Amino acid sequence: EKMKEYYYTRNSYKQDEKLGVLPYIALSASSKVLAVSLTYPYQVVRSRLQDASCKYNGAWDIVLRTMKNEGWRGFFKGIVPNLIRVTPACCITFVCYENVMHYLKVYKT
């Protein structure tokens, strides 16, 4: 919502004005990329914690070993395939949601 508000003010749109599909796709894709980038290290730690073949002594041990053996890049292994998988679904969901909300407001009045 904050990104959408910023887009409205930057491009001189009215708050209730309906945007096109491309701005909605750009906003949803950028927000998803940001969210995944911030939370992906947690996903790596969680998946390594669930891996029964590796012996770790908790989450902090995983963090320390990953930093020692792989560096900070080790926390982002597999992020590109994950983004390719989740971003299109997020964009579709966001565009559908915004269109439905717009049409519900239009038909309500």
Side-chain angles (χ1 to χ4, degrees):
E1 286 297 316
K2 292 290 184 188
M3 290 176 73
K4 189 169 69 169
E5 289 173 14
Y6 177 75
Y7 186 84
Y8 277 128
T9 56
R10 182 161 172 95
N11 294 307
S12 302
Y13 283 105
K14 297 176 186 172
Q15 282 299 92
D16 292 337
E17 192 172 347
K18 183 179 180 296
L19 297 176
V21 173
L22 288 179
Y24 283 138
I25 289 174
L27 289 170
S28 62
S30 59
S31 67
K32 189 62 175 180
V33 167
L34 179 65
V36 167
S37 299
L38 292 175
T39 60
Y40 201 74
Y42 162 75
Q43 298 292 334
V44 170
V45 171
R46 189 181 73 163
S47 66
R48 290 182 183 190
L49 200 59
Q50 293 173 344
D51 187 7
S53 66
C54 297
K55 299 294 181 192
Y56 292 109
N57 295 323
W60 191 244
D61 185 37
I62 294 171
V63 170
L64 294 177
R65 284 193 197 181
T66 303
M67 280 300 292
K68 180 181 176 186
N69 297 332
E70 303 171 50
W72 63 270
R73 289 184 179 190
F75 292 106
F76 295 94
K77 278 188 172 180
I79 195 170
V80 173
N82 187 28
L83 282 171
I84 291 170
R85 182 177 57 89
V86 299
T87 304
C90 178
C91 292
I92 292 167
T93 302
F94 192 82
V95 168
C96 290
Y97 172 80
E98 290 295 330
N99 283 319
V100 166
M101 292 305 293
H102 175 75
Y103 290 120
L104 287 176
K105 287 178 187 177
V106 169
Y107 290 123
K108 185 178 179 182
T109 56

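For clarity, every value in this text was computed on a predicted model and none was experimentally measured.
With sequence neighbours left out, Arg65 forms a salt bridge (Lys or Arg N to Asp or Glu O under 4.0 Å) with Asp61. Under the side-chain contact (heavy atoms from CB on, under 4.5 Å) criterion, Ala35 pairs with no residue, sequence neighbours left out. With sequence neighbours excluded, the residues that form a side-chain contact (heavy atoms from CB on, under 4.5 Å) with Leu27 are Met3, Lys4, Tyr7, Leu19. Partners of Arg73 by side-chain hydrogen bond (donor to acceptor under 3.5 Å, both in side chains), not counting sequence neighbours: none found. Remark: Glu70 pairs with Arg48, Lys77 by the side-chain hydrogen bond (donor to acceptor under 3.5 Å, both in side chains) rule, at least two apart or across chains.
With hydrophobic clusters built from ILVMFWY side chains whose heavy atoms lie under 4.5 angstrom apart, Phe94 does not share a cluster with Leu22. Tracing side-chain contacts under 4.5 Å through hydrophobic residues (I, L, V, M, F, W, Y), one never reaches Val21 starting from Ile92; they form parts of separate clusters. Connection of Val45 to Tyr42 is not established within any shared hydrophobic cluster, with ILVMFWY side chains joined at heavy-atom distances below 4.5 Å, either directly or through further cluster members.
The hydrophobic cluster around Leu38 extends to Leu34, counting ILVMFWY residues whose side-chain heavy atoms fall within less than 4.5 Å of a member.
For the atom pair NZ of Lys68 and CG of Leu64, the computed distance is 10.0 Å after rounding to the nearest 0.5 Å. Atoms OG1 and CD1, on Thr87 and Ile25 in that order, are 12.0 Å from each other to the nearest 0.5 Å. Between the CG atom of Leu83 and the OG atom of Ser37 there is a distance of 6.0 Å, given to the nearest 0.5 Å.
Below 30°, between 30° and 60°, or above 60°: for Tyr40 and Phe76 the angle between ring planes is below 30°, a parallel geometry.
A donor-acceptor distance shorter than 3.5 angstrom exists from the side chain of Ser47 to the backbone of Val44, with no hydrogens or angles considered. Of the possible donor and acceptor atoms, none in the side chain of Thr66 sits under 3.5 Å from a partner among the backbone N and O of Val63.
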